[in-house]
Amino acid sequence: MQSKTKMIFIGVAVAVLLLWVLISIVPLYWMIIGSFQDSKASASFQPQWWPEIWSMEPYERFFGKTMAVRWLFNSLLVSSVLTVTNVFFASLAGYAFAKLKFPGRNSIFWVLLSTMMIPAQVTLIPLYVLMINVFDLGNTYTAILLPGIASVGNIFLMKQYMSTLPTSLIHAARIDACSEFGIFWKIILPMAKPGLAVLAIFTFVANWNDFFWPLLVTSSNSMRTIQVGLASFRFAESTDYGAIMAGATIGALPMFILFFSLQKYFLQGITIGAVKG
């Protein structure tokens, strides 16, 4: 009886998962297929599960009518720089909070952690005024990058991860007269590769998909990221669905490359601590 109940439960779980996968994949599939339709099919906006005529015209129109290459460069630059800075500063702060003892360590950590409870909308206007009116950084890469150089959430993630690393190796390195930065660079970072990979994936994806802040602080077409550029192209060319699908496909492509290239570290990172011994 228990075996039969277990099989029914497994069957229901598999059916729910398959349904969820289908719901998730259909829009993605339609986006990719829509990006290869000819101009007539694109203008009609009729869902086609398999195009009668395969065409590269949507990609030609997207790159021909927009500054797509510039938008992709801006997104790649912003996402890469913020990923590097977040991985470095968050891992450095995480190591300090997890393994070093200094006055006020817990108090500083909890003050930082409490800032995560403040909604981003509350600080958006003061941050905008600071960037535009005080520092006069409007329509610059600095305005896009500066607020996201380090994230409290990432510091918390790395602190929790580095707390699981063995302290005995740190003590051994100190006995061998290794500096604190040398311990961090040569011992902690190699052991923290899975956690760093997860942090890099999350940070890159978040900044690649960021829309609102780049929209606020940029005004020229050449400074737009791919997400902001797609939105402006959508409004300017409201009937060219094929080109929009092509742009969305191009914009999503780096996410697939990043995830599958770091999938091993990502899976290792999310399973750390799940099994003891």
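The structure displayed is predicted, hence computed values, not measured ones. We count residues from 1, following the sequence as given.
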Working to the nearest 0.5 Å, report the span between [atom1] of [X] and [atom2] of [Y].
X      : Y      : atom1 : atom2 : value
Tyr161 : Leu196 : OH    : CG    : 7.5 Å
Met191 : Lys186 : CE    : NZ    : 14.5 Å
Ile170 : Glu180 : CD1   : CD    : 8.0 Å
Thr83  : Asn154 : OG1   : CG    : 9.5 Å
Trp30  : Gln37  : CH2   : CD    : 9.0 Å

Handout entry: Pair Phe156 and Phe97, ring centroids less than 6.0 Å apart
Key = no
Practice task
Determine the interplanar angle of the Phe88 and Phe184 rings, folded into 0 to 90°, and report it as parallel if under 30°, tilted if 30 to 60°, perpendicular if over 60°.
Solution key: perpendicular
Exercise for the section: Can you label the angle between the Trp213 ring and the Tyr128 ring as parallel, tilted or perpendicular, going by 30° and 60°? Expected result: perpendicular
Completion exercise
Between Leu137 and the options Asn139, Asn133, Thr140, the side chain to side chain contact (heavy atoms under 4.5 Å, CB included) test singles out Thr140
Taking only distance into account, with no hydrogens and no angle test, what donor-acceptor pairs under 3.5 Å do side-chain atoms of residues 114-126 form with protein atoms, sequence neighbours excluded?
| unit_1 | atom_1 | unit_2 | atom_2 | d |
| --- | --- | --- | --- | --- |
| Ser114 | OG | Trp110 | O | 3.4 |
| Ser114 | OG | Val111 | O | 2.6 |
| Thr115 | OG1 | Leu112 | O | 2.4 |
| Thr123 | OG1 | Ala120 | O | 3.2 |

Practice task
Would you check if Trp71 and Asn221 make a side-chain contact, meaning some heavy-atom pair closer than 4.5 Å?
Solution key: yes
Exercise for the section: Look at atom CH2 of Trp54 and say whether more than 12 heavy atoms of other residues, nucleotides or ligands are closer to it than 6.0 Å. Expected result: yes
Handout entry: Under 3.5 Å: donor-acceptor pair, side chain of Asp210, backbone of Ala206
Key = no
Practice task
Identify, with sequence neighbours excluded, every residue that meets side-chain hydrogen bond (donor to acceptor under 3.5 Å, both in side chains) alongside Arg105.
Solution key: none
